[in-house]
Amino acid sequence: MIALLKRDLSLSIRAGGGFGLGLAFFLIVTILVPFGVGPQSDTLRLIAPGILWVGALLACLLSLDRIFALDYEDGSLDLLATAPIPLEAVVAMKALAHWVTTGLPLTLAAPVLAVLLNLQGAGFGWLVLSLLLGTPALSMIGAFGAALTVGLKRGGLLLSLLVLPLYVPTLIFGAESVRRGAQGMATTTPLLLLAGLTLASVALLPFAAAAAIRVNLR
Amino acid sequence: MIALLKRDLSLSIRAGGGFGLGLAFFLIVTILVPFGVGPQSDTLRLIAPGILWVGALLACLLSLDRIFALDYEDGSLDLLATAPIPLEAVVAMKALAHWVTTGLPLTLAAPVLAVLLNLQGAGFGWLVLSLLLGTPALSMIGAFGAALTVGLKRGGLLLSLLVLPLYVPTLIFGAESVRRGAQGMATTTPLLLLAGLTLASVALLPFAAAAAIRVNLR
Amino acid sequence: MELVVNNLSCARGGVPVLERVGFRLTAGQALMLRGPNGIGKTTLLRTLAGLQPALEGQISSPPESIAYAAHADGLKATLSVAENLLFWARIFDTNDITPALEGFDLVDLAGRQAQNLSAGQKRRLGLARLLVTGRPIWMLDEPTVSLDTASVALFGRAVAAHLKTGGAAVIATHIDLGFSAQSLDLTPFRAAPQKLNDFDEAFL
Amino acid sequence: MELVVNNLSCARGGVPVLERVGFRLTAGQALMLRGPNGIGKTTLLRTLAGLQPALEGQISSPPESIAYAAHADGLKATLSVAENLLFWARIFDTNDITPALEGFDLVDLAGRQAQNLSAGQKRRLGLARLLVTGRPIWMLDEPTVSLDTASVALFGRAVAAHLKTGGAAVIATHIDLGFSAQSLDLTPFRAAPQKLNDFDEAFL
Amino acid sequence: MIDLGKYAAAVLSSYGITLLLLAGLIALTLIRGARVRRHLDQLEARRTRNG
Amino acid sequence: MSLWEYANPQKFMRTSQMVLPVLTVLTVLCLTAGLLWGFFLTPEAVNFGSTVKIIYIHVPAALMAINAWLMMLVTSLIWLVRRHHVSALAARAAAPVGLTMTLIALITGAIWGQPMWGTYWAWDPRLTSFLILFLFYLGYIALWEAIENPDAAADLTSVLCLVGSVFALLSRYAVNFWNQGLHQGASLSLDKEENVADVFYLPLLVCIAGFVLLFITLVLLRTRTEVRARRVRALITRERMA
Ligand code: HEM
Ligand SMILES: Nc1ncnc2c1ncn2[C@@H]1O[C@H](COP(=O)(O)OP(=O)(O)OP(=O)(O)O)[C@@H](O)[C@H]1O
Ligand SMILES: Nc1ncnc2c1ncn2[C@@H]1O[C@H](COP(=O)(O)OP(=O)(O)OP(=O)(O)O)[C@@H](O)[C@H]1O
Ligand SMILES: [Mg+2]
Ligand SMILES: [Mg+2]
């Protein structure tokens, strides 16, 4: 299992391995938005928490299909399914690898990009905290969506469509806590809800995802 | 050449073919943004032109790697390169197919999504017009980027990074014309610039892209 | 260590392709699956490997005893030959990849990225993976595709050594592998079209 | 209609693999490329097909005369067999796909999606593509991989018919295809490691 | 005809669009039903003919 | 006789054949009666003017949109546990009907919003959750369409329906937390105090009954088609093998 995590990480760090794909996308979104909405800094300040969270979410969404598709195509998934580790653990490890290569860098990069969007000073801490709590849920939910669509040729569209509504609660709690934090309001409730969401998905979704993969492999 | 266009279109309409991928992504962005920035309709109205254009642009960006990658992987691109039609025409046709399956649906769907973002009534016409003028440039520039990265395993990241700066002028002129239109100001200048950009890229980029593909195949 | 297959039916894409297949394989034996393209060799191997459920019939084998090598090799293009092997070795809890590298003449290529291998070299690497699984029953789907004569001989020797140490192998192939084994032609087991009399049987 | 190759060197991934290859092929002839895995058969075929430039040497052939069939078949998984063929027929301006379907026994499968074919059936479809190109010189890279004996015979007949109508073929293969042709072993042409004496030659 | 006042457009278009959507759904259901049924009958006929 | 016998395709086909004509007649009666009553014979309401007539399609459609999803959830569970094919096919048949209902509720709501709230769309919790429900329907249908093997498709869509239901509930709470709404509260409750006047209430009940009947009829029809389509598939593969 550690081997699997290590492999996934080193694969994604190799040339063109997708490490930084999420990060790059996050960067792209936050850079493009000011070009689109115009450079007025109070408008930007107003929408910064939302845009940052939406950017992080899109960055996750975008890199989801790599979780299983590549292993499916080259036959590794067949081999992993017959290997001595349970498929649930494989799913969990792959979600973890996805988080380490996507969610974690996003969280670390977010404060820098927040400067570009003129986020209020009070919001920075909450931004990092909420991303840290919320991105694992994004990875896990995404892994579930990826498992549902793994057999399909170019399931990318379907994957986004399936995962989008599942992401809504995470996004709302996440962005809300940053917005409240930036305005100096209490953030406990949304953060607690966010943490609960993450825990629940990490605890339950690997089973659903493993079941979906088994169906897709047969 | 018509055969190529037809094949690409029918491939993308088949199950999981990526038709609607762009559209779905556009939908995703415009639906998620309010969840992030909050439900106040005047904030949304303010940022609607920018978000709509950024969404359209991201939707294009996302579907770019399909332009050549799939044909490269299954060997079709090798075969097309040795076929009796010039590679420049292949590139142009593939960019056209990309526009028909991405840019065109985006343009048609934009007004509906603009309702969700509370765009001012005056902006609707300009939104459609600017997208109609601008999305062909997005497809063509994107095809060039895809040609540059076609040989690379998972060139997605690189592709986004390469194409992003090339997209900036299109985005600025496009969003600006909608914003001016929505506020009842004159839109001629940005629209003319947008049209010029599109014409120039359609005229010149196929040659650059074909050269890039030749290099990548050998 | 025994693989017993009894009255097995299996389906591909929801369509039954093979019916009532039965055989028995004990330690030290190899079985060649033969039959024309599309008869269902791949399907049978996948069923035996536990990747898809059987429609009917029993497969009995010791738990976690089967190593499967498909048409696709499961290689990661950007990992080196040694890294690819090492990964599978870790997954299967064996730690030494030298016998595998040596057995398939990959020592010189150990540091090369898998994407820079020729077709035959890739295949050799795919086969070397079997040695690091440490599992007794090998299921091989056309293992010698793209291999030159020397490599086919190498493969023959690897299988022979595996059988000698108490392993077994089921091999689907169209060509002569140059070593003797019992063979099973799947043609007689082709699934007959089922009778569909009323809606009770609407769902194949 | 003649393919003349003279003093050809070619490289793969920036490394020269073959040197001073030369041969001459006229209408009605077939040439088998032989040699161990990794010697450079695929590389040579790609160079001849014009997909990569030669390091040195000349290739002379009539323009647009070469049809190339690689390890990968260039099939679209979601198109049917007939649609796949029809697409290539249109690209190459031939319009009739029936000879190709019949030549490779694909008539029954014509409506099936390519993703639902077995390995050998896919390969037959990949080969059938050659018939719709209408080009005289075929470059085939291990064409009989995954094919059963009957299909190999079918392929042999297709090549024979092609040669009889004035075509030519260069075939890289490891196994015996059951028809006679001149053969060229590439082992002697393996590129010698170059001397790197000074910095001028640092850039291979 | 009843008088809907200044909201006529809203009410009428609501009813119009609803009826249109429902009609479309029903039509699709019936058309696909008929087509599948015809196809099935055809297959069953061929099957009984050929034994 | 147990209820499960209706999951036998043949039994299902026979029974549904018998009840369908009755259901169709009832549907047509209820629906036309309700809609005509609502459209022609009800007065204008104080704050709403004539737009109150939209309620006769808006509310039944909204109710059915939710109930259709509930029905899919139940049938999906039945498929997962008992593996009755008709059950899975019924879920598949219901989805497009539910989607249409959602769309009707959304569109009529949007049209109603313009005169009442001065905007076609506001990010009100009720409206927003409907938008999310719409997306769930789209994803569910797309997944069915994308997978070729029918049993695999049934399995995967059922899993999606289960997980989706949980997340739909979560979203409802999240959206409430996120924004306080403009939308009407539930006034169809049994508590008479809150209820609308009987002149509006009775035709509304008839309309709801009509929509329920319409839903059942359509789902039965569509399930029959799905069963037939499965048999067509079976016969075709049989011919192919012969
Ligand atoms: C797109 C927008 C809308 C959606 C998705 C929507 C959704 C719903 C739903 C789900 C219900 C049923 C709830 C229940 O009975 O508990 C409902 C009921 C209702 N809606 Fe809407 N609605 C929308 C817009 C509007 C607008 C603009 C109005 C008018 C101002 C409106 C007025 C009502 C009324 C009066 C009810 C009945 C409430 C009751 O008595 O229970 N809706 N709507
Ligand atoms: N994904 C699929 N969906 C539906 N049918 C399939 C699918 N894959 C293969 N088939 C069909 O199932 C049958 C058995 O295929 P299988 O791949 O097991 O054959 P095989 O004996 O391995 O053939 P080959 O020697 O060509 O590899 C074939 O007739 C094939 O057309
Ligand atoms: N993309 C690549 N980059 C660098 N080197 C490569 C690449 N692909 C192949 N090679 C190397 O180039 C040499 C020639 O490879 P080529 O594929 O032409 O061999 P081949 O004769 O076709 O072998 P096979 O019979 O196994 O298909 C091999 O030694 C191989 O390792
Ligand atoms: Mg096979
Ligand atoms: Mg080769």
Side-chain angles (χ1 to χ4, degrees), chain A residues 11-12 14-25 27-29 31-38 40 43-44 46-58 61-63 66 70 73 149 152-158 160-161 163-165 167-169 171-172 174-176 178-179, chain B residues 11-12 14-25 27-29 31-38 40 43-44 46-58 61-63 66 70 73 149 152-158 160-161 163-165 167-169 171-172 174-176 178-179:
Chain A
L11 273 178
S12 77
R14 298 291 155 105
F19 181 82
L21 178 65
L23 204 56
F25 198 76
L27 192 83
I28 290 178
V29 172
I31 291 181
L32 286 183
V33 164
F35 283 122
V37 303
Q40 300 78 10
T43 314
L44 288 178
L46 198 60
I47 62 174
I51 297 296
L52 286 167
W53 253 93
V54 170
L57 194 149
L58 290 177
L61 196 64
L62 199 77
S63 43
R66 286 149 191 277
L70 296 167
E73 276 157 27
T149 53
L152 307 173
K153 283 269 152 203
R154 311 215 221 152
L157 161 63
L158 195 58
S160 325
L161 196 62
V163 168
L164 163 67
Y167 272 180
V168 169
L171 172 62
I172 289 181
E176 189 68 24
V178 184
R179 201 162 45 244
Chain B
L11 273 178
S12 77
R14 295 293 155 106
F19 180 83
L21 177 65
L23 201 57
F25 200 74
L27 190 83
I28 289 176
V29 173
I31 291 182
L32 287 184
V33 164
F35 287 129
V37 304
Q40 299 78 11
T43 315
L44 290 175
L46 198 62
I47 61 175
I51 296 296
L52 286 167
W53 253 94
V54 169
L57 193 149
L58 290 177
L61 198 63
L62 198 77
S63 43
R66 288 151 190 277
L70 295 165
E73 276 157 27
T149 54
L152 311 173
K153 280 267 153 206
R154 313 215 222 153
L157 163 63
L158 195 58
S160 318
L161 286 180
V163 168
L164 167 66
Y167 273 0
V168 169
L171 171 63
I172 292 181
E176 189 65 26
V178 182
R179 201 162 43 244

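Letters A, B, ... are given to chains in the order of the sequence lines, protein chains preceding strands, and every chain is numbered from 1. Predicted, not measured: the structure shown is a model, and the values here were computed from it. What's counted below: heavy atoms across the whole structure, side chains too, no hydrogens, waters or symmetry copies.
For chain B, no part of A:Leu52 is nearby; none of its heavy atoms comes within less than 4.5 Å. Residue contact with chain A, scored on non-hydrogen atoms closer than 4.5 Å, is absent for B:Leu23. At a 4.5 Å heavy-atom cutoff, B:Val178 makes no contact with chain A through either its backbone or its side chain. Heavy atoms closer than 4.5 Å to chain B are found in the side chain of A:Leu58, but not in its backbone. Interface residue A:Leu61: only side-chain heavy atoms are found under 4.5 Å from chain B. Contacts of B:Leu164 with chain A are made by side-chain atoms alone, with heavy-atom separations under 4.5 Å and no backbone atom involved.
With values rounded to the nearest 0.5 angstrom, A:Leu27 atom CG is found 7.5 Å from B:Leu161 atom CG. How far CD1 of B:Ile31 is from CG of A:Leu171: 11.5 Å, rounded to the nearest 0.5 Å. One distance of note links CZ of B:Phe35 with CG of A:Leu57; it measures 11.0 Å at 0.5 Å rounding.
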Under the criterion side chain to side chain contact (heavy atoms under 4.5 Å, CB included), I'd like the reasoning laid out for A:Ile51 against B:Ile51: C-alpha separation, chi angles, the key distance, then a yes or no. CA-CA 10 Å; A:Ile51 297 296; B:Ile51 296 296; 4.0 Å; yes
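Put simply, of A:Val29, A:Val37, A:Ile172, the one with the most heavy-atom pairs under 4.5 Å next to chain B is A:Val37. With chain A as the partner, the residue from B:Pro49, B:Gly174, B:Gly38, B:Ala48 showing the most heavy-atom pairs under 4.5 Å is B:Gly38.
The side chain to side chain contact (heavy atoms under 4.5 Å, CB included) search around A:Leu46 returns B:Thr43, not counting sequence neighbours. Residues that satisfy the side chain to side chain contact (heavy atoms under 4.5 Å, CB included) test with A:Leu62, not counting sequence neighbours, are A:Phe25, B:Leu62.
Taking all atoms of both residues into account, the shortest heavy-atom contact from A:Gly36 to B:Val54 is CA-CG2, 4.3 Å.
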